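Predicted, not measured: the structure shown is a model, and the values here were computed from it. Below, each value reflects all heavy atoms present in this structure, side chains not excepted, and no hydrogens, waters or symmetry copies. Lettering of chains follows the sequences in order, A, B, ..., and the numbering in each one begins at 1.
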Number of protein chains: 2
Amino acid sequence: MGSSMKDVATLASVSLGTVSNVLNHPELVAPDTAARVHRAIRELEFIPNAPARQLRSHHARVLGLVVPDISNPFFTEVARGVEDAALDAGYVVILCNSDAQAEREDRYLAVLESQRVGGILITPARKSLKPLGRLLGNGVAVTLLDNEAPAQDVCSASVDDRMGGALAAEHALKLGHRRLVWLAGPTDIPQVADREVGLMNAVRSAGASVQRLAAEHMTTASGEMAMEAALSQGMEFTALVCANDLLALGAIRALNRAGLRIPDDISVIGYDDIEFAASAAVPLTSVRQPKYELGHAAARLVISECEDPASHAHQRVQFQPQLVARQSSAPVSASETLGR
Amino acid sequence: MGSSMKDVATLASVSLGTVSNVLNHPELVAPDTAARVHRAIRELEFIPNAPARQLRSHHARVLGLVVPDISNPFFTEVARGVEDAALDAGYVVILCNSDAQAEREDRYLAVLESQRVGGILITPARKSLKPLGRLLGNGVAVTLLDNEAPAQDVCSASVDDRMGGALAAEHALKLGHRRLVWLAGPTDIPQVADREVGLMNAVRSAGASVQRLAAEHMTTASGEMAMEAALSQGMEFTALVCANDLLALGAIRALNRAGLRIPDDISVIGYDDIEFAASAAVPLTSVRQPKYELGHAAARLVISECEDPASHAHQRVQFQPQLVARQSSAPVSASETLGR
DNA sequence: CAATCTGATTGAAAGGTTTCAATTGATGTT
DNA sequence: AACATCAATTGAAACCTTTCAATCAGATTG
């Protein structure tokens, strides 16, 4: 079975406390003693017991990552950023998919609290941050991921969603489109709401029109359904801006099935710029977010708070999105322009 | 701060041991005592300290999931299966991307050992299972994921990769193709090797020819590079079978850039049937694997071993793959057939 | 030479649980 | 009435660390 510090101490003929010092305060121990202890550690293949350590020190190198859905390539990439930053710091990441359901999120938060994680990275399933209050009270470092912190007591790392919405709209407007559709996701997702605000402002100030269409979830399946329903009701437009790439990919399927060509009949603009956007049926114009960097930055924030809560100052890091034009968007056709 | 079992015991006027019994052996405690304790738990918002519990009981409801790359939608979906099974059983999953690098895998295994996880689900980065020996010796439940267990001392959940390779080959052969290319990944990945065996056998016994092309990693980028190199060397063929969908998606880009049409000039067959295979430039014919089920089954195996190591019998679960025909594969063209 | 200081090491307590042998009180048996 | 049985509860030890006050041996100082 695994050996403990006691075994190491015995083999190296020192006390338990000295072994602990070798591990945690090497500056306190004489070089040759340290060498002896290290030899014993190697000999016994001693691996510290993290739970025991955490019990005594109240310091855990474990992070909880709570995201709506890791199947969404956006979050997959964010998760990679989180994980790499965590591993660098000797931390480990517990993956929690909330499916954007409050109930599931609550269950996970309880489990994470029970596990006494040092920090939590969360893209909340709902606006209220109440459920996080308990955690904060118990000294857990919380960082909001892809959401801007509303209050002063947490860090956050996010991307400017209003600007992203505006970028998408301006791209469509610049191509001459006047009749847009905004394919939104659930209204209570803050990212969606912000993108919508940015888009609406841009469209209005250009005097163009935009219709709102809501998908139930941020998935291809939902996007396909929503677009199919809209088309069957005779909705007319020349450009479609989607709250994320999955919705766009789904909507494109419905559009194709209805005999509409992209970008000839309809220009489509996605959001996130997931890897598959580039290999889609028609390479997708999209608003790129620095996904990996977002996760990486968020993890570094939360880790720094874990390491030294006392001197930690809460921060909000915000990244800028960027429009990537591909074949799915094109100037509005002449017939369309005249057709009105 | 969080309250402990001692606080609960005091409030409910019982001993510590009784509180523990309420939590772990409710059958031993009188109904009204239990009720009193539960009231106290609710009152104090007591949440058990999992690390302390694990320290004493040597039983942790924590799993390590080690995969090459969660960005690969195949593993994303597998991970969802793992996570759902875990949450159902009150377990939590630590996500570890090995990037298929032995060094990174070793680092993670050490961290997982330090965390004293109850079980590990792993798609090994290399053939040797040596590094797992230590863990097994220390009583950690190990289950091989998407790999068949070679020995008796671990469980495994996998998909029949030889059959998958054969399915892909037979599909191409049935469509009349006689000059195939097998776009393989790194040779030391067992899944790739097995698929290759299945494919080669099928092709040979049909008397057709197949050339082997190797990509460095199982990614779109690698697929694109490999195919580009092959084309620039004048490789000729009518059907391309890929070791996974990402390679296929990448290869298709290179093929398109070279002016080749799919499926008119080249039929392409992928492997995994990731969600994006269906929305690709040309919907991709692929070998479907029950990804979610694979993860779910593997997690259930490892959890059952965690819960009751004594009565646990190691098992190998194997799923069957299935060919999904889409537009990327078509009968070999007449000119091609005659051209030989 | 006594007193003080410094650096290295030690020993014991504490952290929150589970486990198990021991105790208690009530019920049933002879 | 004495005893055995049984269910419920208790108390203390154990799990493996970290922490910190206390000790010790030398070196430095006055």
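Contacts of A:S4 with the nucleic acid, taken as non-hydrogen atoms under 4.0 Å apart, involve only primed sugar atoms and P, OP1 or OP2. Residue contacts shown for B:L23 are absent, as no nucleic acid heavy atom lies under 4.0 Å away.
With no hydrogens or angles considered, no side-chain donor-acceptor pair links A:Y108 and A:N97 at under 3.5 Å.
With a 4.5 Å cut-off on side-chain heavy atoms, B:Q191 and B:D146 count as touching.
Atom pair A:D7:CG and D:dT17:C1' shows a separation of 13 Å (rounding to whole Å applied).
Think of the region where chain A sits on DNA chain C: with heavy atoms and a 4.0 Å cut, that region ends 5' and 3' at C:dA8 to C:dG16.
Using modelled atom types, one side-chain atom of B:N24 and one backbone atom of B:S20 make a donor-acceptor pair closer than 3.5 Å. Put simply, the side chain of B:T18 never gets that close to the backbone of B:V14: no donor and acceptor are under 3.5 Å apart.
Both B:T33 and A:H25 sit near DNA chain D, but only B:T33 has its closest nucleotide nearer the 5' end. If you find the closest nucleotide of DNA chain D to B:R116 and to B:G17, the one lying nearer the 5' end belongs to B:G17.
Below 30°, between 30° and 60°, or above 60°: for A:H314 and A:H312 the angle between ring planes is above 60°, a perpendicular geometry.
The side-chain hydrogen bond (donor to acceptor under 3.5 Å, both in side chains) search around B:E45 returns A:R134, not counting sequence neighbours.
Residues from residues 49-62 of chain B with heavy atoms under 4.0 angstrom of DNA chain D, sorted by number: B:L55, B:R56, B:H58.
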